[in-house]
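Structure, as structure tokens:
Side chains included, hydrogens not; waters and symmetry mates left out as well; all remaining heavy atoms used. Proteins come first, then strands; the chains are lettered A, B, ... in the order of their sequence lines, and each starts at number 1.
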Amino acid sequence: MRANAVERLAAQIGEIAGAEVELERPNDPAHGDYATNVALRTAPVQRRSPRELAEELARRVVDLPAVERAEVAGPGFLNLWLTRDWVVDALGEIDADYGGGFSEPHQRIQVELVSANPTGPVTVGSARNGAYGDSVARLLKFAGHAVEEEYYFNDSGRQVELFRESVEARRRGEPPPEGGYVGEYLEEIARQPGDPVDAMLEEIRREVAEFRISIDTWRRQAEIEAEVAALLPKLDTYESEGTVWARTSEYGDDKDRPLVRSSDRSYLYFAADVAYVRDKLERGFDRAVYVLGADHHGYVARLKAAAAMLGYDPERIEVLIYQLVHIVERGEARKGSKRRGDVVFLRELIEEIGIDAARWYLVSRGADQPIDIDVDLAREQTQKNPVYYVQYAHARIAGILRNAEKKPDAAAAPAVLDPLERDLLKRLTDFPTIVLEATERRAPHALPIFAIRVADDFHRFYHDLRVVGSDAEEFRLALCRATQHVIARCLDLIGVEAPERM
RNA sequence: GCGCCUGUAGCUCAGCGGAAGAGCAUCGGACUUCUAAUCCGACGGUCGGGGGUUCGAAUCCCUCCAGGCGCACCA
């Protein structure tokens, strides 16, 4: 792992302090470029007053070439101002891969996402699953892991049969079966010949690809179910009143789960779940990530229990839960039932606001936060969507680079940096920390937030300082290019395009 | 009843042990420009209530209130 400028600085200060040092960016510029609380944290251990410790640190730390000035503040914070050279050197290391490749060790990780039944087009709910899961997958890839994205679809259950019957009824001009599917999309499927499930699956493949989610493998439930019979004897099971149960409560689940139905000996859903867990881990993935909506949060314990019962480390199963997307229409909540046609589909959302705004919007909230979508309002809000603010910064930079007369050169920095240059550059150096935390916490929503900050600093810089034709042209071009790298990476990690022109 | 998640500016949200933030909305300014989809300024908060832990709590613990989602021989 190649340490970046901020990490190296933290390590140097840590050596002097004799403790792990975390550098944080203070909100208030009066608190310096970076601040650290080492003195506060280590004072009890060293049995010295935090301020005294901080003052000693301040005296020693200014000997570092990176540190211009150090001040003690409050109860014992150490505020640091960095030298012009440190900032300029930091610019030199910002390339297209800046912030990536930090994972250690590299793992084989599978991310299973979307996995909606092929009984209708992709809903906005599944789109959130896709936007979130795919961004996590992209972060893991950027970190250096070998990531595969998989879509698991049900091609054999009761819902699928009901869907088939509903389409066939429509083809015959008859009303749908009891509790059948009634959405308008059935009409277009009914017009196509052949198995409606195949047609629906093709449509889903198209929509998922259009939404910039690239699925490596498509796994059929029937395929997994075929493995159940051979698997049953290996499980910890018992029979009660004709039903075969898995003793999952012994493995961390809150109750046992039925595997085989008593009436007709058919397999229940959990049987396929167990077989699928085994299938994933046997394929050699170090880690299997599930992306599930909050309505499935009860699955966490049973999936981990399934792994444990099979003799695998349950830590290899990771379940990401995101809160649901609620559809609001003129102030009223809709149920969101695909079967009853009471949903909003991804393709409608894309039609209203476009792919970029849709991906941005669905990923820019924390997964713990529910999302309300009012499609009537979506288009209106699109005009103000920050995604354009960020893309505009990228396009502006592309324009500058097109017009440039000289070549970017980070080393051609002036003796004194303008505060706007300095602020922008310092912002860029935050990127590796942002990505690292977003990856570890599976929180891609940090990326759009950070991208807005970068765009902010860039637009300010652009507004006040000339690049092309200025005395500092080479340096500013380098700064522009570095900014472009960081913005493009942020956008790519959430599946949004970085336009050259707008 | 039990479990998970959430209550922060008028609205939508970020921050999740260190020195309260953003966007939108509202009000007032800046275009002979490398793209005004931009910039500058103002307004705005007992961080749901109460207790506790800590040098320090929006952040951790307990409790109460409010909301969302689960708790099937459905998937």
Side-chain angles (χ1 to χ4, degrees), chain A residues 22 24 26-28 30-31 35-37 40-41 43-44 49-51 73-77 79 115-117 119 154 156-160 162 221 240-245 254-255 257-273 293-301 321-324 326 333 361 364-372 377 380-381 383-393 395-405 441 443 445-446 448-450 452-453 455-456 458-470 473 476-477 480 501-502:
Chain A
E22 278 179 32
E24 61 177 76
N27 294 322
D28 188 343
H31 299 148
T36 177
N37 61 359
L40 258 353
R41 286 202 346 264
S49 93
R51 274 204 72 102
F77 290 106
N79 295 337
S115 296
N117 280 351
T119 55
N154 179 355
S156 66
R158 192 176 294 173
Q159 287 304 314
V160 175
L162 197 54
Q221 186 170 312
S240 171
E241 292 172 31
T243 298
V244 180
W245 294 79
D254 50 353
K255 57 181 78 165
R257 303 287 165 184
L259 290 165
V260 186
R261 202 191 313 263
S262 52
S263 53
D264 59 357
R265 309 305 298 170
S266 63
Y267 299 136
L268 294 157
Y269 194 75
F270 186 63
D273 280 340
D295 53 342
H296 287 75
H297 76 254
Y299 275 51
V300 182
I321 299 293
Y322 60 91
Q323 297 300 310
L324 301 179
H326 297 107
Y361 184 68
S364 48
R365 260 170 196 105
D368 284 340
Q369 202 68 229
I371 295 181
D372 287 342
L377 281 178
E380 189 185 321
Q381 288 177 348
Q383 316 301 328
K384 305 164 217 153
N385 194 312
V387 70
Y388 301 110
Y389 180 77
V390 173
Q391 289 182 315
Y392 187 55
R396 271 184 154 176
I397 293 170
I400 292 172
L401 295 173
R402 273 195 302 272
N403 293 329
E405 290 150 17
R441 293 164 55 182
H445 71 279
I449 292 164
F450 176 71
I452 291 170
R453 293 287 101 72
D456 231 8
F458 174 76
H459 283 308
R460 253 195 297 275
F461 159 86
Y462 177 93
H463 193 263
D464 276 20
L465 301 176
R466 188 82 206 166
V467 177
V468 177
S470 75
E473 177 165 347
R476 287 179 184 166
L477 284 172
C480 284
R501 296 170 201 271
M502 284 176 78

Might you list the N or O atoms of the protein lying below 3.5 Å from N or O atoms in nucleotides 18-22 of chain B, with each pair's distance?
from, atom 1, to, atom 2, distance (Å)
B/G18, N7, A/Asn37, ND2, 2.6
B/A19, N6, A/Asn79, OD1, 2.5
B/A19, N1, A/Asn79, ND2, 3.4
B/A19, N3, A/His31, NE2, 3.3
B/A22, O2', A/Arg453, NH2, 2.9

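- Counting to the nearest Å, the P atom of B/A72 and the CG atom of A/Asp295 are 14 Å from each other.
- Remark: A/Tyr462 is in phosphate contact with B/A36, judged by side-chain N or O atoms under 4.0 Å from OP1 or OP2.
- No side-chain heavy atom of A/Thr36 sits less than 4.5 Å from a side-chain heavy atom of A/Phe77.
- Here A/Arg466 reaches the OP1 or OP2 of B/C34: one of its side-chain N or O atoms lies under 4.0 Å away.
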Restricting to nitrogen or oxygen on both sides, can you table the protein-nucleotides 24-32 of chain B pairs closer than 3.5 Å?
none

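- Backbone-only engagement by A/Asn117 is indicated by non-hydrogen atom pairs under 4.0 Å involving sugar-phosphate atoms exclusively.
- Nucleic acid contact class of A/Leu477 (heavy atoms, under 4.0 Å, all strands): none.
- One interatomic measurement links the two molecules: CG of A/Leu259 to P of B/C74, which rounds to 13 Å at whole-angstrom precision.
- Closest heavy-atom contact between A/Asn154 and A/Val160: O-CG2, 3.1 Å.
- Taking the side chain of A/Lys255 as heavy atoms from C-beta on, and the options B/C71, B/C73, B/A36, the nearest nucleotide is B/C71.
- For B/G15, one of the phosphate oxygens OP1 or OP2 lies less than 4.0 angstrom from a side-chain nitrogen or oxygen of A/Arg441.
- Taking atom CZ of A/Arg51 as the reference point, atom P of B/G56 lies 17 Å away to the nearest angstrom.
- Using a distance-only test at 3.5 Å, with no hydrogens or angles considered, a donor-acceptor pair links the side chain of A/Arg476 to the main chain of A/Arg466.
- Under the Watson-Crick or G-U wobble criterion, with both distances below 3.5 Å, B/G28 is paired with B/C40.
- In this structure, A/Ala393 reaches neither bases nor backbone, as no heavy-atom distance under 4.0 Å exists between it and the strands shown.
- Contact record, A/Glu405 with A/Val468: OE2-CG1, 3.8 Å, taken as the closest heavy-atom pair.
- Pair check for B/G3 finds B/C69; Watson-Crick or G-U wobble, both atom distances under 3.5 Å.
- In this structure, of B/C69, B/A75, B/A14, it is B/A75 that holds the atom nearest to the side chain of A/His296.
- Considering every non-hydrogen atom in both A/Cys480 and A/Phe461, the closest pair reads SG-CE2, 4.0 Å.
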N/O contacts under 3.5 Å, protein versus nucleotides 7-12 of chain B?
from, atom 1, to, atom 2, distance (Å)
B/U12, O2', A/Arg365, NH2, 2.2

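- Here the separation of B/A75 from B/A14, taken at their P atoms, is 35 Å to the nearest Å.
- For the pair A/Arg257 CZ and B/C73 C1', the computed distance is 12 Å after rounding to whole Å.
- Rounding to the nearest 0.5 Å gives a distance of 14.5 Å between CG of A/Asp273 and OH of A/Tyr267.
- For the C1' atom pair drawn from B/G10 and B/C43, the interatomic distance equals 12 Å after rounding to whole Å.
- Applying the 4.0 Å criterion to OP1 and OP2 of B/A37, one finds that A/Arg396 has every side-chain N and O outside that range.
- Put simply, CG on A/Asp368 is 12 Å from C1' on B/C69, counting in whole angstrom units.
- Looking only at side-chain heavy atoms (C-beta outward), A/Ile371 and A/Tyr322 stay at 4.5 Å or farther from each other.
- One can find a donor-acceptor pair under 3.5 Å joining the base of B/C73 and the side-chain atoms of A/Ser262.
- Base-pair partner of B/C11: B/G23 (Watson-Crick or G-U wobble, both distances under 3.5 Å).
- With rounding to whole Å, A/Gln383 atom CD is found 12 Å from B/U38 atom P.
- Residues A/Gln323 and A/Ser364 both approach RNA chain B. Their nearest nucleotides, taken by heavy-atom distance, put A/Gln323 toward the 5′ side.
- Across all their heavy atoms, A/Ala367 and A/Ile321 have their closest contact at CB-O, 3.8 Å.
- The two residues A/Arg265 and A/Gly242 make their nearest non-hydrogen contact at NH1-O, 2.6 Å.
- Backbone-only contact: A/Arg460 has heavy atoms under 4.0 Å from sugar-phosphate atoms and none from a base.
- Counting heavy-atom neighbours within 6.0 Å of A/Arg501 CZ, excluding the residue itself, gives a total of 12 or less.
- One can place CD of A/Glu22 at 11 Å from P of B/C16, the figure rounded to the nearest angstrom.
- For A/Leu324, the side-chain atoms get nearest to B/C69 when compared with the rest of B/C39, B/C34, B/C69.
- Considering only side-chain atoms of A/Leu268, the nucleotide from B/C73, B/C34, B/C5 that sits closest is B/C73.
- Contacts of A/His297 with the nucleic acid, taken as non-hydrogen atoms under 4.0 Å apart, include base atoms.
- For the pair A/Asp273 CG and B/C73 P, the computed distance is 14 Å after rounding to whole Å.
- Among the heavy atoms of the strands, none lies under 4.0 Å from A/Gly76.
- At a threshold of 4.0 angstrom between heavy atoms, the contacts of A/Tyr389 are confined to the sugar-phosphate backbone, with no base atom among them.
- With a 4.5 Å cut-off on side-chain heavy atoms, A/Ser262 and A/Glu241 do not count as touching.
- Taking atom C1' on both nucleotides, B/G51 is separated from B/C73 by 47 Å, rounded to a whole Å.
- Looking only at side-chain heavy atoms (C-beta outward), A/Leu465 and A/Ser470 stay at 4.5 Å or farther from each other.
- For the pair A/Thr243 (side chain) and A/Arg261 (backbone), a donor-acceptor distance under 3.5 Å is absent.
- Distance noted for atom P between B/U33 and B/G23: 27 Å (whole Å).
- For the pair A/Arg396 and A/Tyr462, the cation-pi criterion (under 6.0 Å, within 45° of the ring axis) is fulfilled.
- Here the nucleotide nearest the side chain of A/His445, chosen from B/C73, B/G15, B/U33, is B/G15.
- Toward the 5′ end of RNA chain B lies the nearest nucleotide of A/Ile321, the other residue of the pair A/Ala455 and A/Ile321 mapping further downstream.
- Here A/Tyr299 lies in heavy-atom contact (under 4.0 Å) with a base.
- Between A/Asp368 and A/Pro370, the closest heavy-atom pair is O-CD, 3.7 Å.
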